[in-house]
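Numbering of residues begins at 1 and proceeds along the displayed sequence. Whatever order the structure lists them in is the order used to number ligands and atoms, beginning at 1.
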Amino acid sequence: MSHLKQSFSVKFEYQIYFSAGLFQPENRTFADFLNIRQSSASRKIFFVVDEGVAAAHPELINNIKTYFQQHQEVQLVADVMVVPGGEPSKNSTALFDELIAAVNTYGIDRHSFVAAIGGGAVLDLVGYASAVAHRGIRHIRIPTTVLSQNDSGIGVKNGINYRGKKNFLGTFAPPAAVFNDEQFLLTLSDRDWRSGISEAIKVALIKDLPFFEWIEAHTHQLAARDMETMNYLIKRCAQLHLDHIGGDDPFETGSARPLDFGHWSAHKLEQLSNFAILHGEAVAMGIALDSSYSYIKGMLTESQLQRILNVLHALSFDISNPLIQISNSNSVILTGLKEFQEHLGGLLTITLLTALGVGKEVHEMDEQQLIEASNYVSAFMLEKTGVSTINH
Ligand SMILES: NC(=O)c1ccc[n+]([C@@H]2O[C@H](COP(=O)([O-])OP(=O)(O)OC[C@H]3O[C@@H](n4cnc5c(N)ncnc54)[C@H](O)[C@@H]3O)[C@@H](O)[C@H]2O)c1
Ligand SMILES: [Zn+2]
């Protein structure tokens, strides 16, 4: 028996810049980033823009063109590609093919950049196409939703849906840089503004009590779309996600996935609603269910649970939606447990709470107690709103 050994490590480092009006001529944030990346080769940058963003910001594409006339650090590819936004962009390979064709047509090589401006879905699509074209073109992310600025856009994952399976094709590929521009958030619908807040509640609950208490004290400002409050929430949430990703398992080789607190039912719910329920909305419902289950299990006190449910309610999350209710062991949401296990590819690992700010992993969930947990959330909402949503 003989063998050879190969071993090396690759360091990844990228910045998340916070700015407002990224493509205003006087804003040097983007140009300075491109400037410090000196390279002898002639470099290009190819922009892909989410159609929803282009429609809400009709001046954006012209601003990009003007910006690159003034800042010639890299050569802007003349055509800016506009792609449909939201989940449909990840649902077919047609757009992926178009992106690869554009890389070919415009001669985008590994010294160049692909920059994506959009919600999490468009960033996932463009990140994936960039990661596989020429075995990896550097991609720049410019997230335009709360969820993508505080969670999905700042991490290392990308992907598209394939054969009906969410994120079936994808890679782990850190971005070259991320630019969060608060001005994009001004044009979000109220639902999209609110839905990303649940990821901040999630990460606060598993890792950071002071952050949870801060959210608890600021629900009113968040609901009223106060930008300064949202800026703090996004930055803190992004930092907690970065700390976690930069920890033991950035490329998710193990089965523990604490950042997926509340997500086993959320994934199922998104699918059951045919994506009518937004990811963040589903996560809020999943947090309510798993927090309530933590209480039923005796891990959390009732007053701790009530604080969580009150925060979700104050932000108008519909946490007792009939689709998430578990009334008996045939409730379809329960199949989400098995699917989540398949998604992890190993032991079922669910994060619960032992205190506000402290997560704990468990490897089984009791159906009867899940039914009790679900009933608790419904009864809580009935008391708050006077509306019965019990699903018989
Ligand atoms: N890669 C990851 O780690 C990761 C993590 C979580 C979620 N995701 C993915 O993120 C996606 C959800 O992303 P999302 O919540 O950002 O929403 P989204 O990308 O689905 O966008 C929602 C809608 O808002 C529009 N839009 C985006 N920005 C806008 C703006 N500034 N003004 C007006 N309209 C705007 C889009 O056109 C779209 O119609 C899902 O596909 C999910 O799988 C990825
Ligand atoms: Zn999520």
*asked:* Would you call the rings of F23 and F47 parallel, tilted or perpendicular, taking 30° and 60° as the class edges?
replied: perpendicular
*Near ligand 1, which protein residues have a heavy atom under 4.0 Å away?*
D50, G52, V53, A56, G85, G86, E87, K90, G119, G120, A121, D124, T144, T145, L147, S148, S152, K157, K166, F184, T187, L188, D192
*Listing by chain and number, what protein N/O/S atoms are under 2.8 Å from the Zn ion (ligand 2)?*
E199 OE2, H263 NE2, H279 NE2
*Side chain of R141, backbone of G155: donor and acceptor closer than 3.5 Å?*
yes
*asked:* Within the 3.5 Å criterion, strictly below it, is a donor on E339 or H267 matched to an acceptor on the partner's side chain?
replied: no
*asked:* Strictly by side-chain hydrogen bond (donor to acceptor under 3.5 Å, both in side chains), give each pair with a member in residues 172-187 just once, sequence neighbours left out.
replied: H57-T187, E182-N231
*May I ask you to establish whether K44 and F113 are in a cation-pi arrangement, using a distance under 6.0 Å from NZ or CZ to the six-membered ring centre and at most 45° from the ring axis?*
no
*asked:* According to ring pair (Phe, Tyr, Trp, His ring centres under 6.0 Å), does anything in residues 69-105 pair up with another residue at least two apart or in another chain? List the pairs.
replied: Y67-H71, F96-Y128
_Note, F46 side chain near M81 side chain (heavy atom, < 4.5 Å)_ = yes
*asked:* Working note: K297 + D366, criterion salt bridge (charged side-chain N to carboxylate O under 4.0 Å, His left out); need CA distance, chi angles, decisive distance, verdict.
replied: CA-CA 9 Å; K297 275 273 167 204; D366 181 278; 5.4 Å; no
*For a side chain to side chain contact (heavy atoms under 4.5 Å, CB included) with S294, tell me which candidate from L352, T301, T351 qualifies.*
L352
